[in-house]
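The structure under discussion appears below in the form of structure tokens.
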Amino acid sequence: QVQLVESGGELVQPGGSLRLSCAASGFILASRVIGWFRQAPGKEREGVLCVSGSDKITYYSDSVKDRFTGSRDNAKNTAYLQMNSLKPEDTAVYFCATDFLRNCPGRDYGLGYWGKGTLVTVSS
């Protein structure tokens with residue numbers, strides 16, 4: 001069973017940092033792309049970034065290029081989204097996703113496997 005479970009979302013103050021985890025089971029995440037997306041209240045889902053099978057990062061949003069990065073730990077079969085210098089506008093439910101791809105697709109591509117999300121709230 002292919003399953004992705006996000007964790008690490010919590011309340012954080014503006015300017016703070018947070019690291020989200022995406023634990024995979026039922027498949028080897030190291031050979032696949034890892035996409036990160038987010039959906040703020042009342043808004044449509046937005047692509048954040050994508051990590052290829054060779055760890056090349058594609059940014060889907062210009063607003064996070066200098067603040068967020070993605071990585072993976074193959075031994076743990078887990079992907080990570082490191083978020084720094086958080087702003088209130090980063091408040092959203094964050095999702096990880098994957099598919100049988102080694103290279104990151106365009107941001108509008110529909111990845112086939114998704115987690116259920118973890119809520120990040122940036123507020124003072």
Side-chain angles (χ1 to χ4, degrees):
Q1 295 276 62
V2 175
Q3 186 174 36
L4 297 173
V5 180
E6 302 94 338
S7 63
E10 62 180 70
L11 174 65
V12 62
Q13 293 186 335
S17 298
L18 203 59
R19 187 193 197 191
L20 304 184
S21 297
C22 175
S25 61
F27 59 96
I28 300 174
L29 194 59
S31 64
R32 305 186 184 198
V33 300
I34 305 162
W36 287 94
F37 301 81
R38 65 186 183 184
Q39 186 166 23
K43 298 183 178 180
E44 64 183 19
R45 190 166 60 195
E46 173 190 29
V48 178
L49 58 80
C50 177
V51 183
S52 77
S54 61
D55 295 327
K56 180 180 180 180
I57 299 175
T58 297
Y59 285 94
Y60 290 146
S61 174
D62 290 337
S63 68
V64 306
K65 276 188 174 180
D66 298 324
R67 302 184 295 121
F68 293 9
T69 193
S71 63
R72 76 179 81 211
D73 185 331
N74 293 335
K76 297 182 181 295
N77 207 31
T78 299
Y80 303 96
L81 179 66
Q82 178 66 47
M83 305 183 293
N84 300 321
S85 301
L86 285 162
K87 305 174 181 179
E89 63 188 18
D90 294 319
T91 295
V93 175
Y94 283 73
F95 303 87
C96 63
T98 190
D99 214 327
F100 296 102
L101 299 169
R102 292 184 181 274
N103 297 317
C104 289
R107 66 180 182 180
D108 294 326
Y109 183 90
L111 296 172
Y113 303 91
W114 291 75
K116 294 185 177 180
T118 184
L119 177 63
V120 173
T121 301
V122 185
S123 177
S124 60

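The model shown is predicted, which means the values in this text are computed figures rather than measured ones.
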With no hydrogens and no angle check, do the side chains of Asp73 and Thr78 hold a donor and an acceptor under 3.5 Å apart? no

Does the side chain of Tyr59 come within less than 4.5 Å of Val64's, by heavy atoms? yes

Going by an N to O cut-off under 4.0 Å, is there a salt bridge joining Asp99 and Arg32? no

What distance separates Ser124 OG from Gln13 CD, expressed to the nearest 0.5 Å? 7.0 Å

One should read off an interatomic distance between Ser71 OG and Leu81 CG, to the nearest 0.5 angstrom, of 8.5 Å

Interatomic distance, CG@Leu29 vs OH@Tyr113, rounded to 0.5 Å, equals 13.0 Å

Would Ser61 and Glu46 satisfy side chain to side chain contact (heavy atoms under 4.5 Å, CB included), going step by step from the backbone distance to the final call? CA-CA 8 Å; Ser61 174; Glu46 173 190 29; 3.3 Å; yes

Check for me, please, whether Val12 and Phe68 land in the same ILVMFWY cluster - side-chain distances under 4.5 Å, paths through other members count. yes

Sub-4.5 Å side-chain heavy-atom contact between Thr118 and Leu20: yes

Measuring only between side-chain heavy atoms, which start at C-beta, is Cys104 closer than 4.5 Å to Lys56? no

Ion pair Asp62/Lys65, N-O distance below 4.0 Å: yes

Going by distance alone, is a donor N or O of one side chain under 3.5 Å from an acceptor N or O of the other, for Arg38 and Tyr94? yes

Hydrophobic cluster membership, with links at side-chain heavy-atom distances under 4.5 Å among I/L/V/M/F/W/Y: are Val93 and Leu49 in one? no

Go through the steps for Gln82 and Ser17 under the test side chain to side chain contact (heavy atoms under 4.5 Å, CB included), then give the verdict. CA-CA 8 Å; Gln82 178 66 47; Ser17 298; 4.0 Å; yes

Tell me whether the centres of the aromatic rings in Phe37 and Trp114 are closer together than 6.0 Å. yes

Consider only side-chain heavy atoms of I, L, V, M, F, W and Y, link residues closer than 4.5 Å, and tell whether Trp36 and Val122 are in one cluster. yes

hydrophobic_cluster_shared for Leu4 and Val33, side chain cutoff 4.5 Å: no

Kindly indicate whether the side chain of Val5, heavy atoms from C-beta on, has any atom under 4.5 Å from the side chain of Gln3. yes

Centre-to-centre under 6.0 Å for Phe27 and Phe100, is that the case here? no

For Thr121 and Ser123, test the side chains for any donor-to-acceptor distance below 3.5 angstrom and give the result as yes or no. no

Please examine the side chains of Leu111 and Thr98, heavy atoms only from C-beta on, and report whether any two atoms are closer than 4.5 Å. no

Does Arg67, at its CZ atom, have more than 12 non-hydrogen atoms belonging to other residues, nucleotides or ligands within less than 6.0 Å? yes

